[in-house]
Amino acid sequence: MQNAIVAAQLTEYADLLEIQGANSFRVRAYRNAARTVENLSSGLETLIAEGADLTELEGIGKDLAEKIVTLVTIGELPALTELREQVPTGVHEMLRVPGLGPKKVATLFHDLNVRTLDDLRVAAESGKVAELKGFGKKTAQSILEGLALLDQQGKRYFISAARDVAEALEHDLSQVPGTHQVAVAGSCRRRRETCGDLDLLAVADDETALMDRLAAHPLTEKVLARGETKQRVRLRNGMELDLRVVPSGSFGAAMQYFTGSKEHNIVVRRMAQQRDLKINEYGVFRDDVQIAGATEEDVYAAIGLPWIPPELRENRGEFALAESGRLPRLIERADLQGDLHMHTTATDGTASIAEMANAAKERGLKYIAITDHSKRVTMANGLDADRLLAHWQEIERISRGLTGIHVLRGIECDILEDGSLDLEDHVLAEADWVIAVLHYGLKQPRDQIMKRLLNAIRNPHVDAIGHPTGRMINHRAGADIDFDTFLKAAADHGTWLEINANPARLDLDDVHAAAARDLEIPIVIDSDAHSVNGFDVLEYGVDQARRAGLRSEDVVNTLPWPDFWERLQRRQPTG
DNA sequence: GCCGTTTTCGGCCCGACTGTTTTCAGTCG
């Protein structure tokens, strides 16, 4: 059973306990455990098989360790099954309705016997909901609106879409007279793969003017809530955005607070407590006297820490690194010297070899690999051996006419369902660069997926595995990979691994990229560009690498040209 | 349910906004 599934079941357990009115700290314990499991770099199956003591994991004690072992070995948790019998699925689903939390859901279930979302709609329309104690007409109305929006509300948006909107609003709001600062906070600033909503912070003399401007902004659809310091709106793309106006002396504290993550901030505030300090969004306080808060650096300094990059603020080890002065200097977009995964009109790209090379050069890249599809990808007009050899000749010809950029003859070679590669070894041997990928049969059982990946890793002509899981964010799960085995094999055979920068992929993810780095596996960050503008996604790949804590030296395509080429030759078999 | 260089019991992060109240509970981030 995959860690993500175990985590989901623990979260469900917490939800159901909460609806039943269980002790909130007990509920939190299940949520914390779910989080710990989700962030493990090793598979629970492997850990348990090796006899690891799960109680050594953060937030997991004797009881939860037993429950997790039961889940992984038997495949289900009797205690969860029992809870599910007491709380119908539809009641659990009601938690997704905006404005409904565990208390109101429990009241609806117990007092009105509402068991499904349909029941809920009927009850709200009939006026029964409005009659409940603690409810009212507005609550009933907001439930109906929430039901109508459920599909969109649950949606999370690609980091690319979130950044576009957030940065546009950041710019436009900063133009409002009397506005001194506007900045993006929240998960968008932490560069999560997806964002559920957006957070903007501002320092302004006239918060009314600022909120009015946001309310009237073309990107805004509706004002959902408005107070003296905070306004929440729904944007036309369906995202919700919070704008908070804070005093300038609190700006750093507010940035720290609203950047999160929640888990990171819980630790920050606990550390503050231990120093008899209190930290909230207004500042750092000792005996109700503010001692810091204008900048984030001051806030961290108050608890004895250096400033921590937002991408690392997930309570996944950043505090230990900060305390010991070992925070990494994270990779930046400008560090990338090359891009090793892209397509041309030879298959499903929209630009020629020369156009891609020139576009890459304009974006500051010094070398690229043209990696069109292999023949299995018929939909994209994939290349067979003959067409590929001709394509490589063309690449060589064009490359000779270019200055300032080196163009490698590459191929994105499919790893077929039976585990073989889509091109023969003697063809691959002629390539400068081979990136092997799974495109088809992603739903095969783990054993077969692993057989395919290990075959590719062991092939001496395969330089890297591209978008290893094949997942598409918000669309499909990736292949079922035993990452412990996969990463060890890559390390043993000197095979590199890709972080595919396409915002729908971002594959490897941050947890696995960090695990790969720990094994000293070289990482490549690639655009997978299909057009001249396709290079622009590289920044999202860099974001993902930063969340993994990667430094420039962990990413092999940060090497300048001759060094990269030499490094690649050392990787490849001689002869 | 977890956790412990003061603890095996008694804590567990903090504040804004809304709706339904008339001092506060619930939800959200």
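- Leu16(A) pairs with exactly one of Leu83(A), Val91(A), Leu95(A) by the side chain to side chain contact (heavy atoms under 4.5 Å, CB included) rule, that one being Leu83(A).
- Each of dG19(B), dA16(B), dC2(B) was ranked by its minimum atom distance to the side chain of Lys230(A); first place goes to dA16(B).
- Inspection of the Gln290(A) and Tyr282(A) side chains reveals no N or O donor paired with an N or O acceptor under 3.5 Å.
- Donor-acceptor pairing under 3.5 Å, judged by distance alone, is absent between the side chain of Tyr13(A) and the base of dG1(B).
- With hydrogens and angles disregarded, no donor-acceptor distance shorter than 3.5 Å links the side chain of Arg26(A) to the backbone of Leu17(A).
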Restricting to nitrogen or oxygen on both sides, can you table the protein-nucleotides 24-27 of chain B pairs closer than 3.5 Å?
unit_1  : atom_1 : unit_2    : atom_2 : d
dT27(B) : OP1    : Gly101(A) : N      : 2.7
dT27(B) : OP1    : Gly101(A) : O      : 3.0
dT27(B) : OP1    : Lys104(A) : N      : 2.8
dT27(B) : OP2    : Lys103(A) : N      : 3.2
dT27(B) : O5'    : Gly101(A) : N      : 3.4

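- For the C1' atom pair drawn from dT6(B) and dG11(B), the interatomic distance equals 14 Å after rounding to whole Å.
- In this structure, the separation between CG on Leu487(A) and CG on Leu519(A) is 6.0 Å, given to the nearest 0.5 Å.
- Of the candidate nucleotides dG1(B), dA16(B), dG29(B), dA16(B) has the atom lying nearest to any side-chain atom of Thr229(A).
- When distances run from any side-chain atom of Tyr282(A) to the nucleotides dA16(B), dG1(B), dC14(B), the shortest one goes to dA16(B).
- In this entry the distance linking CD of Glu56(A) with P of dG4(B) reads 12 Å, nearest Å.
- Ranking dC2(B), dC14(B), dG19(B) by closeness to the Lys138(A) side chain, first place goes to dG19(B).
- Using a distance-only test at 3.5 Å, with no hydrogens or angles considered, no donor-acceptor pair links the side chain of Arg115(A) to the main chain of Gly90(A).
- In this structure, dT8(B) forms no base pair with any nucleotide, since neither Watson-Crick nor G-U wobble geometry is met with both distances under 3.5 Å.
- Atom pair Asp199(A):CG and dA16(B):C1' shows a separation of 13 Å (rounding to whole Å applied).
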*Evaluate side-chain contact (heavy atoms from CB on, under 4.5 Å) for Thr469(A) paired with Phe483(A), printing each intermediate quantity in order.*
CA-CA 10 Å; Thr469(A) 75; Phe483(A) 262 96; 3.7 Å; yes
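- Rounded to whole Å, atom C1' of dC28(B) lies 9 Å from atom CG of Asp242(A).
- Heavy-atom neighbours of Asn113(A) CG from other residues, nucleotides or ligands within 6.0 Å: above the threshold of 12.
- Checking dT20(B), dC14(B), dG29(B) against the side-chain heavy atoms of Thr139(A) singles out dT20(B) as nearest.
- You'll find the ring centres of Phe319(A) and His264(A) inside the 6.0 Å limit.
- When each of Gly227(A) and Asn23(A) is assigned the nucleotide of DNA chain B bearing its nearest heavy atom, the one mapping closer to the 5' terminus is Asn23(A).
- For Phe25(A), counting side-chain heavy atoms from C-beta on, the closest listed nucleotide (dC12(B), dG29(B), dG15(B)) is dC12(B).
- For the pair Asn265(A) CG and dC14(B) C1', the computed distance is 10 Å after rounding to whole Å.
- In this structure, the side chain of Asp172(A) does not engage the main chain of Gln175(A) through any donor-acceptor pair within 3.5 Å.
- For the segment residues 284-298 of chain A, no residue has any heavy atom less than 4.0 angstrom from an atom of DNA chain B.
- Here dG15(B) presents its C1' atom at 5 Å from CD of Glu281(A), a figure rounded to the nearest Å.
- Between the side chain of Arg244(A) and the backbone N or O of Ala202(A), no donor-acceptor pair lies under 3.5 Å.
- The side chain of Ala225(A) approaches dT18(B) more closely than any other nucleotide in the set dT18(B), dG29(B), dG15(B).
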